[in-house]
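Let me begin by presenting the structure, written as structure tokens, before commenting on it.
Each residue takes its place number in the sequence, starting with 1. Owing to the predicted nature of the structure, the values given are computational and were not obtained by experimental measurement. Values below: every heavy atom of this structure, side chains too, minus hydrogens, waters and symmetry copies.
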Amino acid sequence: MDGAKTLLQDLDDAIARGTDESRAKALWHATDLLITGRYVDDEISMFGEVIGRLADEIEVAARAQLSELMAGCDHAPLNVIEKLALDDEIEVAGPVLRDSARIGEKVLVESAMTKGQAHLLAISQREAIGEAVTDVLVKRGNQEVVTSVARNEGARFSGSGLLHMVRRAEGDSILAEQLGLRKDVPRHIFQQLISKASEDVRRRLETERPEMMAQIQSSVTDVTGDLQSKFGPSSRSYFVAKRVVTTQYRQGNLNQVSISNYARQHRFDEVQIGLSLLSALPVDVIERALMDRNREILLVLCKALDFSWDTTMSLLFLGAKDHLITARELHDNERDFGRLKIETSRSILKFYQSRKNSAGADPATGRQPELQVH
């Protein structure tokens, strides 16, 4: 410790009274000593003071060279790393933004929020990127930056970050495909993505992500009439319910209140027929949404229809086994419902409608209804 302190004091004295040439020599000497030696934190901090002072007085090319050396040093002084990372010149900032493991998330966020697109691109190429950083990249980054971070398997995204990426992927087939290929994209986000994607992107994702597409198709099966519940359409009560609810719909009296009342009375036929009319989806799809253990489709449907949480909750209980739901499951469903956006939920609903329109008119009315929100 004393030897290093004496050496650094000598370098500091040389800086104070030396020429530009001698300062440059002192910088590289101090850098070589730091990289090749083993030091405790206090010694590294002293190296940082000396190297930091020298770095303030050198040209861009020399700072860029210093950045290359510091980027690969696992004990580089933090003050030096931060100074280089926030440099306006990308030649200087780039190496440490891309490769240094010593940069904290706070500095990465500051750089991403205040610097240009070249800096954002460098950050997007890091081996690992946290949610706080990707949130800024997907909002401020240009197309190249956003595509780069979507391609980066070490990047982690928040729910809001992924939703923002889905919005940006609309009309951008390259970004849509890269986002769709990510293994960490949850199913409900993937559904929103393909609801906005082009047919070419959908086909490619069907090839690359068959397991994800299969899960979605299972929720919107195209085999009309294959699935029938114990309240199935063959029963007399179903046809009575169909006549009553269809009349209510045609008179403009079918709305969230009537759906909620039907659900609380456990009138399954009236609920599935009513939701079919309001959503322009066939009854078999509504039935699957109500009965499926995975509640995502039902939550999306309720959000698209602008239903309240109370109404949504009554539908969840209606479709649950023995009409029972655990407190934890109910809490998770409420959280997921709150995160959904009406606009994106309606985009998903339109996607399901497009998959079903080829099957013909709605069985409840004999015509193709439009989405209605009451």
Side-chain angles (χ1 to χ4, degrees), residues 124 134 137-138 141-157 159-227 276 279-289 292 294-301 303-304 340-362 368-371:
S124 76
T134 58
L137 295 181
V138 301
N142 59 19
Q143 183 183 32
E144 184 180 13
V145 170
V146 176
T147 303
S148 174
V149 75
R151 188 181 293 121
N152 188 337
E153 294 182 0
R156 295 292 171 260
F157 297 91
S160 62
L162 284 172
L163 288 172
H164 198 86
M165 290 276 274
V166 169
R167 287 194 290 271
R168 295 199 59 170
E170 189 171 2
D172 186 339
S173 60
I174 295 175
L175 177 58
E177 185 172 359
Q178 289 298 328
L179 188 57
L181 290 174
R182 292 189 63 89
K183 304 299 185 186
D184 58 346
V185 172
R187 192 174 76 166
H188 70 280
I189 297 291
F190 190 86
Q191 289 171 329
Q192 295 183 40
L193 177 67
I194 63 171
S195 74
K196 297 172 178 288
S198 67
E199 284 299 324
D200 286 343
V201 171
R202 288 178 192 168
R203 282 195 295 268
R204 287 197 292 272
L205 290 177
E206 284 175 354
T207 300
E208 298 291 338
R209 301 295 305 278
E211 79 294 343
M212 186 69 84
M213 295 300 289
Q215 289 180 40
I216 292 174
Q217 290 296 348
S218 71
S219 296
V220 287
T221 177
D222 288 324
V223 186
T224 303
D226 236 16
L227 179 67
S276 173
S279 67
L281 290 176
V283 172
D284 65 307
V285 175
I286 298 299
E287 184 177 27
R288 180 178 289 274
D292 198 334
N294 188 311
R295 314 321 299 272
E296 289 176 5
I297 300 302
L298 182 57
L299 294 178
V300 168
L301 175 62
K303 181 65 71 168
L340 290 170
K341 303 298 182 184
I342 292 179
E343 180 183 352
T344 51
S345 296
R346 288 177 178 170
S347 295
I348 297 172
L349 188 57
K350 288 178 182 177
F351 171 70
Y352 293 156
Q353 290 167 343
S354 70
R355 289 284 169 131
K356 281 296 184 177
N357 280 342
S358 60
D362 182 81
Q368 293 287 356
E370 297 295 327
L371 171 63

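- To the nearest 0.5 angstrom, S124 atom OG is 9.0 Å from R151 atom CZ.
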Determine, step by step, whether S276 and V283 satisfy the side chain to side chain contact (heavy atoms under 4.5 Å, CB included) criterion, reporting the C-alpha distance in whole Å, the side-chain angles of both residues, the deciding distance to 0.1 Å, and the verdict.
-> CA-CA 5 Å; S276 173; V283 172; 3.7 Å; yes
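- Among all heavy-atom pairs drawn from L179 and M165, the shortest one is CD2-CB, 3.7 Å.
- With F157 as reference, V149 is the one residue of L163, V185, I189, V149 to meet the side-chain contact (heavy atoms from CB on, under 4.5 Å) rule.
- Separation of atoms CD (E287) and CG (D292) is listed at 11.5 Å; rounding is to 0.5 Å.
- Interatomic distance, K303 NZ to L298 CG, rounded to the nearest 0.5 Å: 12.5 Å.
- When all heavy atoms of R182 and N152 are compared, the pair lying nearest together is NH1-O, 2.7 Å.
- Nearest heavy-atom pair, V146 versus G141, reported as atom, atom and distance to 0.1 Å: CG2-O, 3.6 Å.
- A pairwise comparison of heavy atoms in L181 and E208 identifies CD2-CB, 3.3 Å as the closest pair.
- Separation of atoms CD (E177) and CG (D172) is listed at 11.0 Å; rounding is to 0.5 Å.
- A distance-only check finds no donor-acceptor pair linking the side chain of T147 to the backbone of E144 [under 3.5 Å].
- Of the possible donor and acceptor atoms, one in the side chain of R202 sits under 3.5 Å from a partner among the backbone N and O of I194.
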For side chain to side chain contact (heavy atoms under 4.5 Å, CB included), just list the numbers for K183 and E153, CA-CA rounded to whole Å, side-chain angles, deciding distance to a tenth of an Å, and then say yes or no.
-> CA-CA 9 Å; K183 304 299 185 186; E153 294 182 0; over 6 Å; no
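- Distance check: L340 CG to E296 CD gives 9.0 Å after rounding to the nearest 0.5 Å.
- Applying the 6.0 Å contact sphere to CD1 of I174 captures no more than 12 heavy atoms from other residues, nucleotides or ligands.
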Assess whether side chain to side chain contact (heavy atoms under 4.5 Å, CB included) is satisfied between R156 and D184, documenting all intermediate values.
-> CA-CA 8 Å; R156 295 292 171 260; D184 58 346; 3.9 Å; yes
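- Considering every non-hydrogen atom in both L301 and I286, the closest pair reads CD2-CD1, 3.7 Å.
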Do L175 and R168 pass the side chain to side chain contact (heavy atoms under 4.5 Å, CB included) test, and can you show the C-alpha distance, the side-chain angles, and the key distance before you say yes or no?
-> CA-CA 8 Å; L175 177 58; R168 295 199 59 170; 4.0 Å; yes
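- Taken from NZ in K341 to OG in S160, the straight-line distance is 9.0 Å, to the nearest 0.5 Å.
- The backbone N or O of V201 lies less than 3.5 Å from no partner atom in the side chain of S173, so there is not a single donor-acceptor pair.
- A distance-only check finds a donor-acceptor pair linking the side chain of S347 to the backbone of E343 [under 3.5 Å].
- Looking at every heavy atom in both residues, A289 comes nearest to I297 through CB-CG2, 3.8 Å.
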